[in-house]
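Counting begins at 1 with the first residue of the sequence.
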Amino acid sequence: MRTVYWVWSMVVLVMVILQIGFAGYGAFYAAHKLEDEGSSITDKTFEDGFGLHIGFGYVAWLAVIVLVAIGVIAGVGRWRLGKHGVLALLLTLQILLAWTGGSVPAVGALHPLNAFVILGLTISIVWDGWQARKAASAAVAPAT
């Protein structure tokens, strides 16, 4: 089960990286639509660019909840589960920042900053899982 845990943590990391990329796509999609100086875009056009980012964010949140469940089943320990809990809270905060950022831009400015905190913590979780796997395989490897 720990292998499933480690693989799923890598899936979550890839999802976080993709999510940041989807945000970039949305921003440049909107910029492309505003190509002419003085032009404007509709809410629908703006949402068309960010639709993938918006929808995938909820999928990423669910993936982190699944990671917490797999971690509990795999018995990864309190320290790792604590990191997973913090990650779930940060993703929940990310959703709340997105919801309120449209009406309060100062709050919205925290959304990309929180994304990098999420990325760093996810990298830490994957790294920790990799180190634990490496230590476990060294412990069972035959002496040469």
Side-chain angles (χ1 to χ4, degrees), residues 1-140:
M1 193 63 177
R2 287 190 182 225
T3 299
V4 172
Y5 161 77
W6 185 61
V7 169
W8 191 254
S9 70
M10 288 189 294
V11 167
V12 169
L13 175 59
V14 169
M15 291 176 83
V16 169
I17 292 167
L18 285 173
Q19 183 65 349
I20 292 170
F22 294 153
Y25 172 80
F28 286 102
Y29 179 87
H32 177 72
K33 296 295 181 180
L34 291 170
E35 219 166 36
D36 300 327
E37 188 175 325
S39 65
S40 62
I41 59 174
T42 65
D43 285 345
K44 183 182 179 334
T45 303
F46 182 82
E47 289 171 3
D48 286 347
F50 279 98
L52 188 57
H53 176 70
I54 292 166
F56 198 72
Y58 295 112
V59 174
W61 181 85
L62 288 172
V64 169
I65 299 304
V66 170
L67 180 66
V68 172
I70 292 171
V72 168
I73 294 166
V76 297
R78 288 178 136 174
W79 173 249
R80 288 187 187 108
L81 286 176
K83 284 178 152 183
H84 301 150
V86 170
L87 185 60
L89 288 174
L90 286 172
L91 265 88
T92 302
L93 175 63
Q94 190 72 339
I95 292 167
L96 296 173
L97 290 171
W99 287 349
T100 58
S103 57
V104 184
V107 173
L110 298 174
H111 184 77
L113 299 176
N114 191 43
F116 288 112
V117 174
I118 289 168
L119 177 62
L121 182 56
T122 307
I123 290 170
S124 170
I125 289 169
V126 171
W127 174 261
D128 188 43
W130 180 63
Q131 291 297 317
R133 283 179 56 84
K134 195 167 101 173
S137 67
V140 295

At what distance, to the nearest 0.5 angstrom, does CD1 of Ile20 lie from CG of Leu119?
-> 4.5 Å
Sorted by chain and residue number, the salt bridge (Lys or Arg N to Asp or Glu O under 4.0 Å) partners of Lys134 (sequence neighbours excluded) come out as none
Taking atom CE of Met15 and atom CZ of Phe22, what is their separation to the nearest 0.5 Å?
-> 9.0 Å
To the nearest 0.5 Å, tell me how far Asn114 CG sits from Leu93 CG.
-> 4.5 Å
Closest heavy-atom pair and its distance - Val117, Leu90 | CG1-CD1, 3.7 Å
Go through the structure and list residues passing ring pair (Phe, Tyr, Trp, His ring centres under 6.0 Å) with Tyr25, not counting sequence neighbours.
-> Tyr29
Which atoms form the tightest heavy-atom contact between Ala23 and Phe50, and what is the distance?
-> O-CE2, 3.4 Å
Which residues satisfy the ring pair (Phe, Tyr, Trp, His ring centres under 6.0 Å) test with Trp127, sequence neighbours excluded?
-> Trp130
Heavy atoms only: give me the nearest Leu34-Ser40 pair and the separation to one decimal.
-> CD2-CA, 3.5 Å
On a heavy-atom basis, the closest approach of Ile125 and Ser9 is CG2-CB, 4.2 Å
If you measure from CD1 on Ile123 to CD1 on Ile17, what distance do you get to the nearest 0.5 Å?
-> 6.5 Å
State, with a plain yes or no, whether a side-chain heavy atom of Trp6 is found less than 4.5 Å away from one of Met10.
-> yes
Do any side-chain atoms of residues 52-78 form donor-acceptor pairs under 3.5 angstrom with protein atoms, and if so which ones, sequence neighbours left out?
{"unit_1": "His53", "atom_1": "ND1", "unit_2": "Gln19", "atom_2": "O", "d": "3.1"}
{"unit_1": "His53", "atom_1": "ND1", "unit_2": "Gln19", "atom_2": "NE2", "d": "3.2"}
{"unit_1": "Tyr58", "atom_1": "OH", "unit_2": "Trp99", "atom_2": "NE1", "d": "2.9"}
{"unit_1": "Trp61", "atom_1": "NE1", "unit_2": "Thr92", "atom_2": "OG1", "d": "2.9"}

Give every residue pair that meets the ring-ring contact (aromatic ring centres under 6.0 Å, His included) criterion with at least one member in residues 67-88, sequence neighbours excluded.
-> Tyr5-His84
Anything under 3.5 Å between a donor and an acceptor, one on a side chain of residues 100-113, the other on a protein residue two or more places apart or in another chain? List them.
{"unit_1": "Thr100", "atom_1": "OG1", "unit_2": "Leu96", "atom_2": "O", "d": "3.0"}
{"unit_1": "Ser103", "atom_1": "OG", "unit_2": "Thr100", "atom_2": "O", "d": "3.2"}
{"unit_1": "His111", "atom_1": "ND1", "unit_2": "Gln94", "atom_2": "O", "d": "3.2"}

Would you give the length of the straight line joining atom CG of Leu18 to atom CG of Leu13, rounded to the nearest 0.5 angstrom?
-> 9.5 Å
